[in-house]
2 protein chains.
Amino acid sequence: MRFDRELLKGTTETFLLAALAGMPCHGYQLVEQLKRRSDGIFELGEGTIYPLLYKLEARGWIKGQWDADTGRRRRRVYRITPRGRRQLAQRARQWEELVRGMTLILKGAAHA
Amino acid sequence: MRFDRELLKGTTETFLLAALAGMPCHGYQLVEQLKRRSDGIFELGEGTIYPLLYKLEARGWIKGQWDADTGRRRRRVYRITPRGRRQLAQRARQWEELVRGMTLILKGAAHA
DNA sequence: GTTTGATACCTCGTATAACATAGTATACAC
DNA sequence: GTGTATACTATGTTATACGAGGTATCAAAC
């Protein structure tokens, strides 16, 4: 889906962590996974995914490892770390609150 | 509530339009209204509200009018326009999709 | 055997949004 | 005449999603 330019800001890190909490992925695969598991709603480009992965790794929330499998294009598989899981939990709480706030305001507007 | 810096991006315009769809407000009052009607979740500062109001007005989604009431500090009351309502409807749809996508990904992570 | 397409990663520039901060001005109570 | 709540204005900072470009590998098709 095509969102207004700014709507995804602040949420991408969260759903990326969540996706990796579900299963380890390499970058290219993440794009697919996110699209598939979100029913086509999240379609990130590579220019979004890779810088994001580097940042999350730099913060210690995920850890990448080069896949040793030969006979393939080399690829880096990322796993969520314990710190990443804590971060995810915190982000998820904030997300729930945001949804609650939005629901209150949007519902209020509906019957006004 | 205190959100991570980027989480609100793209949502503020939406809930501001929604609040004005509920009732006309002037800027200072909007800060209060949003806080009250969102159960304390949205606490915008004036440095956020006013520039936002100017932008939305420039785009024709809201219309401000100086309150003629004497014996008061002059204040500018904003109303949502028909174009603003259409914009709000479109934003609300995008928001629903975002929530749906996030739910799918976050739920997926939970039982993985 | 070389072209094509899918896979996989990387890098830079740009736009823009939320917020903090600081400032101005009015009304009213005491 | 001081203090407090109301009300609006203006500027600078920081972070981010994304587009657009690039490199490299492998399998299948022709």
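Below, chain A is the first sequence line, B the second, and so on; all start at residue 1.
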For the pair made of CG in B:L16 and C1' in C:dA18, what is the distance, rounded to whole Å?
-> 13 Å

For C:dA20, does either OP1 or OP2 sit under 4.0 Å from a side-chain N or O belonging to B:R2?
-> yes

Rounded to whole Å, the CG-P distance (A:L30 to C:dT7) equals 15 Å

Whole angstrom is fine here: how far is it from CG in A:D4 over to C1' in D:dT16?
-> 16 Å

How close or far is atom P of D:dT14 from atom CG of B:L8, stated in whole angstroms?
-> 20 Å

Under 4.0 angstrom between B:K55 side-chain N/O and C:dA17 OP1 or OP2 | yes

Select base, sugar-phosphate, or nothing to describe what A:E13 touches, counting heavy atoms under 4.0 Å on all strands.
-> sugar-phosphate

Spacing of A:D67 atom CG relative to D:dC26 atom P, expressed in whole Å = 13 Å

Using 4.0 Å as the upper bound for N to carboxylate O, is an ion pair formed by B:R59 and B:E13?
-> yes

To the nearest Å, give me how far apart CD (A:E6) and P (C:dT14) are.
-> 17 Å

Could you state the atom-to-atom distance from CD of B:E43 to P of C:dA20 in whole Å?
-> 11 Å

Just how far, in rounded Å, is C1' of C:dA18 from CG of B:L7?
-> 12 Å

So, A:R91 versus A:Q87: side-chain donor-acceptor pair below 3.5 Å or not?
-> yes

The contact string for nucleotides 2-13 of chain D, one letter per nucleotide 5' to 3', using protein heavy atoms under 4.0 Å with B, S and - for base, sugar-phosphate only and none, comes out as ----BBBBB--B

